[in-house]
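Here the structure is laid out as structure tokens; the discussion comes afterwards.
Values below: all heavy atoms of this structure, side chains included; hydrogens, waters and symmetry mates excluded. Each chain gets a letter, A, B and so on, in the order its sequence line appears, and its residues count up from 1.
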2 protein chains.
Amino acid sequence: MTTTIKPTDSELEILNILWDKGPSTVRDVHEVLEKSKDAGYTTTLKLMQIMHDKGLLKRDASNKSHVYTAIVSQEKTQGQLVKRMIDNVFNGSASQLVMQALGHHKANKEELEEIKKYLDEMEKKTNNS
Amino acid sequence: MTTTIKPTDSELEILNILWDKGPSTVRDVHEVLEKSKDAGYTTTLKLMQIMHDKGLLKRDASNKSHVYTAIVSQEKTQGQLVKRMIDNVFNGSASQLVMQALGHHKANKEELEEIKKYLDEMEKKTNNS
DNA sequence: TTGTATTTACGAAATTATTCGTAGGTTTGT
DNA sequence: ACAAACCTACGAATAATTTCGTAAATACAA
């Protein structure tokens, strides 16, 4: 079994920033975070330290300001979270989730085409009736 | 703004049972729950009482055993959870979520067809390029 | 060098979620 | 009526998450 990832909401906010910006200091992350919520600097610091302890982040401590990098990949994390949602919220039915997602977020034509193309690809590779 | 629903994991387990079985007593719910986890009866009771306080469940207390019913609908709850996931995990892109969902859960041919049909329907109603 | 700013480390408070023991009431069977 | 079984209410312990104050270390500037 590969280690299972379950970031909390706060941790996910930080991961999103790190995935977006790449390796960053606590200050870098905190400045982004401040825009959307108000939390003290040491709160951000503490969170990132905890994430480091948990093995979600690695850090380079060779400079005065430590530089943190996400260890868990965005893809893998997204995959696990989606899987969990399918299991816990949609009783194991991926297509149910898909239709919910499409139903309430009107995707534009390009997006819809992209998804259809994706489906066609999948069908080619699918032989079970 | 419609009240925002954020059930915890435990609460979601209970909601799933109630959506499936319809109005149920604590004992009914607990018997289902017991199969997958081990928790005491009063734990289930307490959770359902809290959910009642929060307005997630209503109850009929006219009998000895109170009968609980989910107030929040499955559809609406699924919708909110999906929306939250799109916002927090997929930076607002529904199609990203859709493709993750399809990528890791090989749906069978029927499911894929169902989804394609759904997409065709949507396209008819979509005029923005 | 001396003070100012910035940073990390640490501990603990505050908040939220989960668990369960115990007490007291109601129903049921004998 | 009495006991056994079952139910709710309540309070509190435990655990997990989020928050931040304070102290010590490091860098920076005057």
Side-chain angles (χ1 to χ4, degrees), chain A residues 3-18 21 23-69 72 77 80-81 84 88-89, chain B residues 3-18 23-69 72 77 81 84 88-89:
Chain A
T3 51
T4 186
I5 305 163
K6 191 167 190 190
T8 66
D9 288 348
S10 299
E11 289 172 347
L12 198 53
E13 286 179 325
I14 290 173
L15 285 174
N16 276 322
I17 293 168
L18 288 174
K21 304 270 184 193
S24 307
T25 63
V26 173
R27 174 127 336 257
D28 293 336
V29 170
H30 183 63
E31 267 162 14
V32 178
L33 225 43
E34 261 183 331
K35 292 180 203 158
S36 48
K37 64 189 302 198
D38 74 338
Y41 173 84
T42 51
T43 301
T44 305
L45 170 66
K46 181 70 166 188
L47 276 171
M48 290 175 73
Q49 285 170 339
I50 290 171
M51 291 169 78
H52 178 250
D53 292 346
K54 287 187 185 174
L56 266 47
L57 309 182
K58 68 182 171 191
R59 74 177 168 193
D60 173 355
S62 61
N63 304 301
K64 175 192 173 185
S65 299
H66 300 178
V67 175
Y68 289 83
T69 311
V72 296
T77 306
Q80 296 213 9
L81 293 174
R84 209 175 339 258
N88 298 340
V89 183
Chain B
T3 51
T4 186
I5 305 163
K6 191 166 191 192
T8 67
D9 288 348
S10 299
E11 288 172 347
L12 199 53
E13 287 179 324
I14 290 172
L15 285 174
N16 277 322
I17 294 168
L18 288 174
S24 308
T25 64
V26 173
R27 173 124 339 250
D28 294 335
V29 170
H30 183 63
E31 268 163 12
V32 178
L33 224 43
E34 261 183 330
K35 292 182 205 157
S36 49
K37 65 189 304 197
D38 74 337
Y41 174 83
T42 52
T43 301
T44 305
L45 170 67
K46 181 69 164 188
L47 275 171
M48 290 176 74
Q49 285 170 340
I50 290 171
M51 291 170 79
H52 179 249
D53 292 346
K54 287 187 185 175
L56 264 48
L57 308 182
K58 68 183 170 190
R59 75 175 167 193
D60 174 355
S62 60
N63 305 301
K64 175 192 174 186
S65 300
H66 299 178
V67 175
Y68 289 80
T69 311
V72 297
T77 305
L81 292 174
R84 206 173 345 254
N88 299 340
V89 182

> Can a donor-acceptor pair under 3.5 Å be found between the side-chain atoms of K46(A) and the base atoms of dG11(C)?
Replying inline: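 Answer is yes: a donor-acceptor pair is held.
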Does [X] have a side-chain nitrogen or oxygen under 4.0 Å from the phosphate oxygens OP1 or OP2 of [N]?
X      : N       : result
T8(A)  : dT18(D) : yes
Y41(B) : dT8(D)  : yes
S10(A) : dT17(D) : no
R27(A) : dT7(C)  : yes

Please report, rounded to the nearest Å, how far the [atom2] atom of [N] is from the [atom1] atom of [X].
X      : N       : atom1 : atom2 : answer
R59(B) : dA9(D)  : CZ    : P     : 4 Å
D60(A) : dT8(C)  : CG    : C1'   : 15 Å
I50(A) : dA15(D) : CD1   : C1'   : 14 Å
M48(A) : dT18(D) : CE    : C1'   : 16 Å
L33(B) : dC20(C) : CG    : P     : 12 Å
M51(A) : dA9(C)  : CE    : P     : 16 Å
N63(A) : dA27(D) : CG    : P     : 10 Å
L45(A) : dA12(C) : CG    : C1'   : 15 Å

> Of the nucleotides dT19(C), dT22(C), dT8(C), which one has an atom closest to the side chain of V26(A)?
Replying inline: dT8(C)
> If you check every side-chain atom of H66(B), which of dA9(D), dT17(D), dC7(D) has the closest atom?
Replying inline: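 Taking heavy atoms from C-beta onward, the closest nucleotide is dA9(D).
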> Minimum heavy-atom separation for L18(A) to L57(A), with atom names?
Replying inline: CD1-CD2, 3.5 Å
>> If I compare all heavy atoms of I5(B) with all of V72(B), which pair ends up nearest, and what's the gap?
In response: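 Closest approach of I5(B) to V72(B), heavy atoms only: CD1-CG1, 3.7 Å.
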What contact category does [X] fall into here, base, sugar-phosphate, or nothing, at under 4.0 angstrom with non-hydrogen atoms?
X      : answer
E11(A) : nothing
A39(A) : sugar-phosphate
S65(A) : sugar-phosphate
T43(A) : base

> Is there side-chain contact between K54(B) and E11(B), with at least one heavy-atom pair below 4.5 Å?
Replying inline: yes
> Is there side-chain contact between E34(B) and E31(B), with heavy atoms separated by less than 4.5 Å?
Replying inline: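 E34(B) vs E31(B): side chains touch.
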> Considering residues, nucleotides and ligands other than D38(A), do more than 12 of their heavy atoms fall under 6.0 Å from its CG?
Replying inline: no
>> Here's a test of your reading of the structure: between Q49(B) and D9(A), which maps to the more 5' nucleotide of DNA chain D?
In response: Q49(B)
